[in-house]
Amino acid sequence: MAKKIKRIGILTAGGDSPGLNAAIRGVGKTCLGFYGMELVGFRDGFRGLVENKRLKLDKTTLAGILTVGGTILGTSRDKPHRMVIDGRTKDMTKTIVDNYHEWGLDCLVCLGGGGTQKNALRLHEAGLNVITLPKTIDNDVAMTDATFGFATALDIATETIDRLHSTAHSHHRIIVAEIMGHRSGWLALGSGIAGGADVILIPEIPYDVEHIADAIKRRSRNGTNFSIVAVAEGAMSRDDARALLAAEKKLERARTLHDKKEAKIALASLEVRHTGNTMRLAKHLEELTQLESRVTILGYVQRGGTPSAADRILATRLGSACGDLINEEHYGVMVAARGDGTEPVPLEKVAGKRKSVPPDHSWVTTARRVGTCMGD
Ligand code: F6P
């Protein structure tokens, strides 16, 4: 009897990032061209699996996408188990499982960051053959050396810091540059080192604003009256970090529904208070140093545009290794980057974990050695 041709589904979920199309192409070319499988793309993350929004991926649709930013499939932050359908939040896991079988899929490939790893594990536990690829500009997915998107965002953030230097220098100002990264500091730390920021603030090292002001004043006394502060969007003062930790602990300890609800409200209000933190920090530094301060929020430009060569290589490597794993029917794993190679890591070991910057990481030590103030 002829062997059934494998039919693979693929989707991109969470925030977009450079390299997603390169990864889709890597998976696609390996599965179609090398192994003779079929490939179906689902639009807008997990929602495409519920609303039957699909697109057959063939040689033509995969052509010319290697260099294109964003994702040809579209993306969303929808979760299978909590999806808004007709204005109501519903658990759509069973619908997804039924559709997967009805459409004759043999495997679902999910390209995404930390949230996607958790959602993929849920679908794997519901009985689907799932493989994931680690994508995010934040570089915070556990158990992989790297995530695609990070290298490109690092280049963009570094170039921005380079450009801020000349204007900060001309006006004798402090420029506080807010860099993405969610709760991790990889992007701010990397671009801060590469761009020669004078101060780098990351969530993993809570800061004391007086210490930052002292470092800036020291520079002024030595004749340099401008400073670049690279601040991760999740960076916070020691007081705020303490309050957040206490709120998180309270949520962990909460046993009743009422206590859980209260703890979640407290946590959410702290997160809301964090919005605008960079503006407050700049104002505070202006007061303490008497130097004019300005803020630049890099925002979504960090996620846009064509992927760098490093990201194209990484995404293609991970994508093609994914094709090999599908051929071997090795499911329930994330394709991790490991040195020059790749490694399948069980989703249970990845989901719900975050790769933070260890405070003694060599990048942190290096930054300190060259005189960068880390805010502590
Ligand atoms: O995870 C990537 C990221 O860009 C984070 O750095 C940022 O905190 C978040 O996504 C922004 O999410 P959204 O696109 O939903 O505004």
Side-chain angles (χ1 to χ4, degrees), residues 8-24 26-27 40-51 53-54 70-84 91-93 95-97 99-100 105 107-150 153 180-184 186 303 307 311 314-315 318-319 321-322 325-326 331-337 342 344-356:
I8 314 305
I10 186 166
L11 59 82
T12 55
D16 72 341
S17 107
L20 275 169
N21 289 327
I24 294 170
V27 174
V40 185
F42 289 93
R43 294 191 190 276
D44 302 337
F46 293 97
R47 184 165 289 270
L49 290 168
V50 172
E51 297 180 352
K53 294 199 281 188
R54 48 187 166 142
T71 159
I72 57 163
L73 295 176
T75 187
S76 74
R77 293 201 183 273
D78 288 309
K79 302 177 176 74
H81 66 297
R82 260 198 337 238
M83 201 175 286
V84 179
D91 183 349
M92 301 307 287
T93 309
T95 307
I96 291 176
V97 172
N99 288 344
Y100 173 98
L105 295 177
C107 174
L108 178 68
V109 179
C110 305
L111 278 51
T116 304
Q117 309 300 327
K118 279 201 259 181
N119 291 324
L121 175 61
R122 282 191 190 104
L123 294 183
H124 179 61
E125 286 171 345
L128 306 192
N129 296 329
V130 178
I131 300 188
T132 67
L133 262 59
K135 161 249 48 169
T136 167
I137 64 162
D138 303 339
N139 194 34
D140 62 350
V141 175
M143 307 295 291
T144 179
D145 289 357
T147 59
F148 55 85
F150 176 66
M180 275 187 172
H182 196 221
R183 296 253 181 111
S184 300
W186 294 106
R303 287 197 343 213
D311 270 336
L314 177 62
L318 296 176
C322 174
L325 290 170
I326 296 170
Y331 302 125
V333 292
M334 176 185 79
V335 190
T342 62
V345 180
L347 284 173
E348 294 82 356
K349 291 195 172 174
V350 182
K353 313 238 165 58
R354 185 170 55 232
K355 185 177 77 179
S356 301

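Quick note: residue numbers are just sequence positions, from 1.
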Within 6.0 Å of NZ in Lys349, more than 12 heavy atoms from elsewhere
no
For the pair Phe42 and Thr12, evaluate side-chain contact (heavy atoms from CB on, under 4.5 Å) and give the outcome as yes or no after the intermediate values.
CA-CA 8 Å; Phe42 289 93; Thr12 55; over 6 Å; no
Does some side-chain heavy atom of Thr342 sit less than 4.5 Å from a side-chain heavy atom of Leu325?
no
Work out which heavy atom in Ala351 is nearest to a heavy atom in Leu121; give both atom names and the distance.
CB-CD2, 3.7 Å
Counting N and O atoms only, with roles assigned by atom type, does the side chain of Lys135 sit under 3.5 Å from a partner on the main chain of Ala315, one being a donor and the other an acceptor?
no
Within-4.5 Å side-chain heavy-atom neighbours: Val27 and Leu133:
yes
Short question: side chain of Gln117, backbone of Gly112 - any donor-acceptor pair under 3.5 Å?
yes
Value for OG1 (Thr93) from NZ (Lys79), rounded to nearest 0.5 Å, stands at 12.5 Å
Lys355 and Val141, any side-chain heavy atoms less than 4.5 Å apart
no
Keeping Asn99 on the side-chain end and Leu49 on the backbone end, is there a donor-acceptor pair under 3.5 Å?
yes
Evaluation steps, side-chain contact (heavy atoms from CB on, under 4.5 Å), between Lys353 and Met143:
CA-CA 9 Å; Lys353 313 238 165 58; Met143 307 295 291; over 6 Å; no
Using atom types as modelled and distance alone, determine if a side-chain donor or acceptor of Thr75 lies under 3.5 Å from a backbone N or O of Gly45.
no
What is the distance from atom NE2 of His81 to atom CZ of Phe46, rounded to the nearest 0.5 Å?
10.5 Å
Drop me the distance from Thr147's OG1 to Asp138's CG, to the nearest 0.5 angstrom.
7.5 Å
Which donor-acceptor pairs under 3.5 Å do side chains of residues 14-24 form with protein atoms, sequence neighbours excluded?
residue: Asp16; atom: OD1; partner: Arg303; partner atom: NE; Å: 3.0
residue: Asp16; atom: OD1; partner: Arg303; partner atom: NH2; Å: 3.4
residue: Ser17; atom: OG; partner: Phe148; partner atom: O; Å: 3.4
residue: Asn21; atom: OD1; partner: Ile72; partner atom: N; Å: 2.8
residue: Asn21; atom: ND2; partner: Val68; partner atom: O; Å: 3.1
residue: Asn21; atom: ND2; partner: Gly69; partner atom: O; Å: 3.2
residue: Asn21; atom: ND2; partner: Gly70; partner atom: O; Å: 3.3

Dump the intermediate steps for side-chain contact (heavy atoms from CB on, under 4.5 Å) on Leu111 and Leu73, then the final yes or no.
CA-CA 11 Å; Leu111 278 51; Leu73 295 176; over 6 Å; no
If only atom types and distance count, is the side chain of Tyr100 paired as donor or acceptor with the main-chain N or O of Cys107 below 3.5 Å?
yes
Could I get the full list of salt bridge (charged side-chain N to carboxylate O under 4.0 Å, His left out) partners for Lys53, not counting sequence neighbours?
Asp44, Glu51
Ser184 (side chain) donor-acceptor with Trp186 (main chain) under 3.5 angstrom
no
Distance col, row Asp78:CG vs Arg47:CZ, nearest 0.5 angstrom, shows 4.0 Å
Determine yes or no for a side-chain-to-main-chain donor-acceptor pair under 3.5 angstrom, with Asn139 supplying the side chain and Ala146 the backbone.
no
Rounded to the nearest 0.5 Å, how far apart are OH of Tyr331 and CG of Leu347?
13.5 Å
Can you see which heavy atom on Cys110 is nearest to which on Thr116, and at what distance?
CB-CG2, 3.9 Å
I need the minimum non-hydrogen distance between Leu318 and Ala337, along with the two atoms involved.
CD2-N, 3.9 Å
So salt bridge (charged side-chain N to carboxylate O under 4.0 Å, His left out) across residues 111-129, not counting sequence neighbours, yields none
Assess whether side-chain contact (heavy atoms from CB on, under 4.5 Å) is satisfied between Ile96 and Leu128, documenting all intermediate values.
CA-CA 9 Å; Ile96 291 176; Leu128 306 192; 4.2 Å; yes
If I compare all heavy atoms of Ala120 with all of Thr132, which pair ends up nearest, and what's the gap?
CB-CG2, 3.4 Å
